[in-house]
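In what follows, chains carry the letters A, B, and so on, assigned in the order in which the sequence lines appear, proteins first and then strands, with residues in each chain numbered from 1. Quick caveat, the model's predicted, so the values are computed rather than measured.
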Number of protein chains: 2
Amino acid sequence: MREIRYRTIAADLRRQIVDGDLAPGAVLPSEAELAGSYDVSRVTVRKALEVLRDDGVVASRQGYGWFVEGDTVRQSLGALSTIEGQLTDQGRVPERRVVSFGFDREHLVVVRVNLADGLPFALVTVWCPADLGSSLSRDDVESATFYELLPVDFDHATQTIGAALADDRDAELLEVPVGSPMLVVERRSVSTDGVEVLRSEHRFPAHLTEFVVDLPFQEGAELSPAGLRLVQS
Amino acid sequence: MREIRYRTIAADLRRQIVDGDLAPGAVLPSEAELAGSYDVSRVTVRKALEVLRDDGVVASRQGYGWFVEGDTVRQSLGALSTIEGQLTDQGRVPERRVVSFGFDREHLVVVRVNLADGLPFALVTVWCPADLGSSLSRDDVESATFYELLPVDFDHATQTIGAALADDRDAELLEVPVGSPMLVVERRSVSTDGVEVLRSEHRFPAHLTEFVVDLPFQEGAELSPAGLRLVQS
DNA sequence: CAGTGGTCTAGACCACTGG
DNA sequence: CAGTGGTCTAGACCACTGG
């Protein structure tokens, strides 16, 4: 397979950004410099940069340069980590607290509470296949997400969002009244192999959280992923 | 303001497609031909075509050519019509019932109940600018969506999903108990001019509805639109 | 002002589709 | 096979940012 220069360059720059060698806000070398160091034409450098721009990783200003996009939360980890990113951006302190950690016949089952500055805002239950979960400690799952911990290439997750009333456990762990409104998200995370690796349930007090979805009107491709549906009744 | 050739060309091609001069599936003239007829370089033609590809209007196959994308379902109406589509697919009968229709100082305000086989599943309030709404009748809004009725090119909508408890009006119109869980969606629909044209609130009984979102893990482009966020507290 | 990205040209070679 | 899009080069001129 032939190497495609602009993709190689885009991947290389992306890695530098992900690794933190290029921090948010940092200005990249000029197109001319990059063309020189990668030994390609400026057009090829631009094509690479445009790939990254399409992904929201970098942006440009004419007469100024290309720079690493800062705040626009570019997390591959999905909704929850998006929140944690928002929190750290706001200077608040995100925290995970493990409520329970144990195995049933087929899964490692972990229940955690997520807090922001000590305020609990999510109660998360994760079911992880036992063979994958056997290497994880309670400390592991308190300090990192399953996406970070598992040696799995995740492809996508399907989230189903519903509403419910706070039950006794919600009330106790999230410090809300029994019967107050909750957003409930069930997430199924699928690896690039097409295997459903993780299932998790996330319960949020409605007064603390909302879900934002952007729906393009034109052309179905990107629009289909989000949609309300009637549940079987 | 300087003319930007590739945009002019993209706009011209788009118009031909929208007007139907180029039907779905039709193959465009080759890049070389287009370059000749527009009297630009092939690179500029490609740039124009890539703009249209990003919009999902055209696609290409190497060695074959560029062709008009088969109308990927005018599902452009967003989540609600998705539901109505599902209903008709299931052979159920969707219905809209206008609860109130009137003007405040600046808006036409319409409250409707959506039903499936006579079962109410959504209470929708729409705020439409008075100048646009002045031509609409109560019968109009009962028989069609605002997207169908308004002479506006919609670009996208941003939806914010939350949870709440059913209030007295919800209970009466949706036939649920007061205090039962509800999914509440606020939608802001923006035209291609960048103007926020419609604002609407959709209230669904939680036991009847759920929201499905697909989150790709790789590459930011399609992933950013959906995300949970903490509300200001 | 010198330097940057935005646009554009006129070429080139290649991988790929269809007949 | 001739024709197509995909990639890439080495230039060019311009509008724009900052100092």
I need the CD-P distance between B:Glu31 and C:dA10, as an integer number of Å.
16 Å
So how far is it from A:Ile9 CD1 to A:Arg46 CZ, rounded to the nearest 0.5 Å?
13.5 Å
Between A:Val43 and B:Ala32, who's closer to the 5' end of DNA chain D by nearest nucleotide?
B:Ala32
Do the side chains of A:Glu186 and A:Arg199 get close enough for a salt bridge, i.e. N-O under 4.0 angstrom?
yes
For A:Val40 and for A:Gln62, locate the closest nucleotide of DNA chain D by heavy-atom distance; then report the residue assigned to the nucleotide nearer the 5' terminus.
A:Val40
Distance check: side-chain N/O of A:Arg46 vs OP1/OP2 of D:dC8, anything under 4.0 Å?
no
To the nearest angstrom, the CG-P distance between A:Leu28 and C:dG5 comes to 9 Å
Can you see whether A:Tyr38 engages A:Thr44 through a side-chain donor-acceptor pair at a distance of less than 3.5 angstrom?
no
Please report the distance, rounded to the nearest Å, between CD1 in A:Ile4 and P in D:dT7.
5 Å
Who does C:dC1 pair with, Watson-Crick or G-U, both distances under 3.5 Å?
D:dG18
N/O donor-acceptor pair, side chain B:Arg42 with base D:dG6, under 3.5 angstrom
yes
Short side-chain N/O contact from A:Ser41 to OP1 or OP2 of D:dG11, under 4.0 Å
no
When the distance from CH2 of A:Trp66 to P of D:dC16 is rounded to whole Å, what number comes out?
17 Å
Could you check how far CG of B:Leu49 sits from C1' of D:dT7, rounded to whole Å?
16 Å
Would you say a side-chain N or O of A:Tyr6 is under 4.0 Å from OP1 or OP2 of D:dT7?
yes
Does a side-chain N or O of A:Thr44 approach OP1 or OP2 of D:dT9 to a distance below 4.0 Å, or not?
yes
Does CZ in A:Arg97 sit with more than 12 non-hydrogen atoms of other residues, nucleotides or ligands closer than 6.0 Å?
no
Nearest-Å distance, CD1 (B:Ile9) to C1' (C:dT9)?
13 Å
For a quick test of reading the model: is some side-chain N or O of B:Ser60 closer than 4.0 Å to OP1 or OP2 of D:dG5?
no
What integer distance in Å separates A:Phe67:CZ from D:dG18:P?
11 Å
Rounding to an integer number of Å, can you tell me how far A:Glu33 CD sits from C:dG3 C1'?
10 Å
From C:dT7, C:dG6, C:dT9, nucleotide with atom closest to B:Lys47 side chain:
C:dT7
Checking all strands, does A:Arg5 fall into the base, sugar-phosphate, or nothing category for heavy-atom contacts under 4.0 angstrom?
sugar-phosphate
Mark yes when over 12 heavy atoms from residues, nucleotides or ligands other than A:Asp39 sit less than 6.0 Å from its CG; otherwise mark no.
no
Below the 4.0 Å mark, does D:dT7 have OP1 or OP2 next to a side-chain nitrogen or oxygen of A:Arg7?
yes
